[in-house]
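Just follow the structure's listing: the first ligand is 1, and inside any ligand the first atom is 1. Keep in mind that the numbers below use all heavy atoms, side chains included, and drop hydrogens, waters and symmetry copies.
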Amino acid sequence: MDSIIKDKNITVCVTGGIAAYKAVYLCSFLKKKGAIVRVIMSKSATEFVTPLTFKSITNNPVITTMFDNSDFIPHIGISELSDIIIVAPATANCIAKAASGIADDMISTVLLSATCPKIIVPAMNTQMYVNPVTQRNINTIKNFGFLVMEPDTGLMACGTTGVGRFPEIESIYGFIIQNCAARNHYFSGKKVLITAGGTIEDIDPVRYISNRSSGKTAFAFAETFISLGASVTIIAGNVSDIIMDSYIKKYGNENIISVRSAHDMKKSVEEKINSTDILCMCAAVADYTTECNTLKIKKNENTLNLSLIKTLDILGSLHKKTNQVFIGFAAESNNLELYASEKLNKKSLDFVIANQITGEKTAFGGDKSELIVLSNTGKRESFFYKSKNENAYLVLEYIARSLS
Ligand SMILES: Cc1cc2nc3c(=O)[nH]c(=O)nc-3n(C[C@H](O)[C@H](O)[C@H](O)COP(=O)(O)O)c2cc1C
């Protein structure tokens, strides 16, 4: 299946930050996905990377000035031509100019005149980023409709650790898909319930059994459902804090219910199911639990036997209404399709999304997945190894079309 951004006109504005070289990889990535990429560089950006590099990567002339570009389209032309504009990296200076409506170079002028989605990818030293002036400017441009990405946290070029790093290219791509490409509101007015992450089965007050599910796929589906018009409630088990925080920053935490064990998750789904149109069971719910000891088990014996008790199946206890759609996930290390199709039939699902959890293309923990969707009408569709966000979009688009 073609990439969603194939043949889209994407203008990448590169400003003068240390991460300017990473914009080269971004352009190359977008180009490989089939986009028509054009680059505008600020004067400062040309101190970090040469325009020739971007010209060679994009096969398009690079704009570096407002004037003297008689062989190229002026700022209004670029604004009208672009399907998406991305400022990456976006300096504190460029964000401040966008917040004040200053138009003293090509990038700021294009940002002022363009009506297409405008994505800002801030990248700067932590002190610059957390400075109240920068934060105020970011809030201002968000209110003006700019789509601002959250920078990564980690080791900075200046040697300190903190927030302000240029995000991974895959994350930027995911942000583009969720915010710009997904324009069809297939699930408008639908109430979606998504379960996320692993569950925790307590052994004693300090120990537990869980699994390696991070919740990344569930949150990618949640964000994609939202971008396709749905209102989403997430029942979250044990999920990565980074993923949860990033979601809460965008959508708030009102529609997140945190649970611990398989039993809690089951109870929570049962409470919500009547007001749900689409149930998406993404969580890796424990198949077995233990009797929790009230006191910490002491390290006395050479061996310790834990007796595990089968958990109750969540889907098994639900009475599906005629118009409800149930989507399940099958994470398997072998016989993927066979087990997935057994699950589809046994649990009366409308769709099962199968993903491999071992080998090179494992969906566990990473940013990418390879998926197969089986439907109860006997259809089968594969989604090749790519970002979880992009696959979430493609899968939901496929499901929406199948349902209509
Ligand atoms: C070595 C060096 C690295 C810089 N890195 C950044 C950066 O990562 N982010 C940022 O906002 N500014 C950074 N600056 C400051 C900007 O280059 C400066 O504010 C400039 O005026 C930005 O111009 P522009 O927004 O038109 O590109 C850096 C400056 C230097 C000299």
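Other residues, nucleotides and ligands contribute more than 12 heavy atoms inside 6.0 Å of the CD1 atom of Ile248. Counting heavy atoms of neighbouring residues, nucleotides and ligands inside a 6.0 Å radius, atom CG of Asn335 exceeds 12 of them. Within a 6.0 Å sphere centred on NZ of Lys379, heavy atoms belonging to other residues, nucleotides or ligands number 12 at most.
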Present, as a list of atom pairs with distances to 0.1 Å, all nitrogen or oxygen contacts under 3.5 Å between ligand 1 and the protein.
residue	atom	partner	partner atom	Å
ligand 1	5 (N)	Ile18	N	3.3
ligand 1	8 (O)	Ile18	N	3.3
ligand 1	9 (N)	Ala123	O	3.0
ligand 1	11 (O)	Ala92	N	2.9
ligand 1	17 (O)	Gly16	O	2.6
ligand 1	23 (O)	Ser44	OG	2.9
ligand 1	23 (O)	Asn93	ND2	3.4
ligand 1	25 (O)	Thr91	OG1	2.6
ligand 1	25 (O)	Asn93	ND2	2.9
ligand 1	27 (O)	Gly16	N	2.7
ligand 1	27 (O)	Ser42	OG	2.6

Take Arg207 and Asp202, measure what salt bridge (Lys or Arg N to Asp or Glu O under 4.0 Å) needs, and give me the verdict at the end. CA-CA 6 Å; Arg207 304 179 181 96; Asp202 289 313; over 6 Å; no
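Cation-pi check for Lys22 over Phe166 is not met; the charged atom does not lie both under 6.0 angstrom from the ring centroid and within 45 degrees of its normal.
In this structure the side chain of Thr126 never reaches within 4.5 angstrom of the side chain of Thr153, judged on heavy atoms.
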